[in-house]
Amino acid sequence: QLLEQGQPVTLVVMDTWHPSTYRPHRIRLPMMAGLPLFVLWRGIRTLLALSRLPTKDWIPVFQHYYKKLMSLSHPNRDNNELMIEFHDERVTRSTLQAVARYDVRKYPGCILNIVASNRYVARTVTDTRHVWPEFGGEGSKTVQVAAIDSGQLLVTPHVEEVTKHLQAFLAEHNQNQSVPLANVI
């Protein structure tokens, strides 16, 4: 909207993956299958965790999982750990499904792409966080900040480094224009 009004716009992308990363999440399962599949998945994860533990430690794990499973019979309780995890998982999955459908287009303005460089990314995963300048106009670039995730980019000491990169980028791209701070935020 600002571009359509003739306003200069600088886009800042912070540790954001390209939607193509989420293509496997495009498939939507019926909502009725959600909870049973989630419980099955949690059971499989528990069994995998058990395989890495000594046999003597299995009983407490089974007891904990059994308690979680039985808590589903009391769905009105606010402290139902498994239901909270299920809802968190559902929100995450819905977000990924939405992002997978985004249609990314060329952006005529500049893009400052800030990447959390200490984030663990498996070797089998294509790190698409670095592609954003390709979608921007001339002068777009990526900077690395030694944080482990996007949340860490917003706290000390990383937020100070992010601020320096942002100020330098804006100064470089807005040399001939007076840009009030309110328009930057």
Side-chain angles (χ1 to χ4, degrees), residues 11-58 60-62 64-66 68-69 72 81-107 110-137 139-162 164-166 169:
L11 182 62
V12 178
V13 179
M14 292 182 62
D15 207 48
T16 302
W17 295 76
H18 187 274
S20 64
T21 306
Y22 304 111
R23 294 292 186 243
H25 296 279
R26 286 186 102 151
I27 299 167
R28 287 183 180 221
L29 296 172
M31 287 303 289
M32 291 174 56
L35 185 57
L37 286 176
F38 175 76
V39 171
L40 177 65
W41 173 243
R42 289 299 303 218
I44 291 169
R45 284 178 44 193
T46 300
L47 290 174
L48 291 172
L50 283 174
S51 69
R52 293 187 294 269
L53 291 175
T55 311
K56 66 179 178 63
D57 295 337
W58 287 15
V61 174
F62 275 126
H64 180 70
Y65 189 72
Y66 178 76
K68 282 177 147 183
L69 202 53
L72 291 175
E81 188 179 333
L82 194 59
M83 283 305 281
I84 291 169
E85 290 176 27
F86 169 65
H87 288 297
D88 287 349
E89 184 73 25
R90 218 166 100 187
V91 168
T92 300
R93 185 144 188 80
S94 296
T95 302
L96 294 177
Q97 286 173 343
V99 170
R101 289 174 170 73
Y102 287 172
D103 179 29
V104 179
R105 298 183 200 136
K106 260 318 213 178
Y107 177 71
C110 293
I111 297 175
L112 173 60
N113 182 31
I114 302 173
V115 174
S117 61
N118 286 350
R119 176 187 287 274
Y120 171 75
V121 179
R123 290 183 189 164
T124 58
V125 174
T126 302
D127 190 349
T128 60
R129 296 174 301 155
H130 300 273
V131 302
W132 294 108
E134 298 170 22
F135 291 93
S140 295
K141 70 178 185 178
T142 295
V143 295
Q144 309 275 333
V145 176
I148 60 170
D149 60 34
S150 57
Q152 291 297 307
L153 291 172
L154 302 174
V155 297
T156 298
H158 308 297
V159 71
E160 289 83 1
E161 186 178 350
V162 167
K164 287 177 188 172
H165 286 299
L166 186 56
F169 190 78

Please round to the nearest 0.5 Å and tell me the distance separating atom CD1 of Ile111 and atom NZ of Lys106. 8.0 Å
side-chain contact (heavy atoms from CB on, under 4.5 Å) test vs Val145 passes for just one of Glu161, Gln152, Lys164, namely Glu161
Roughly how far, to the nearest 0.5 Å, is CG of Leu112 from CZ of Phe169? 5.0 Å
Quick check: closest heavy atoms across Leu153 and Ala147, and the distance to 0.1 Å? CD2-CB, 3.8 Å
Among Asp15, Asn113, Thr16, exactly one meets side chain to side chain donor-acceptor pair (under 3.5 Å) together with Arg129. Which residue is that? Asp15
Non-hydrogen side-chain atoms of Tyr107 and Ser140 separated by less than 4.5 Å: no
Can you find a pair of side-chain heavy atoms, one from Val162 and one from Met14, that are under 4.5 Å apart? yes
Can you find a heavy atom in the side chain of Leu53 that is under 4.5 Å from one in the side chain of Trp58? yes
Hey, are the side chains of His130 and Gln144 touching, using non-hydrogen atoms and a 4.5 Å cut-off? yes
As an exercise, state the distance from CD1 of Ile148 to NE2 of His158, rounded to the nearest 0.5 Å. 7.5 Å
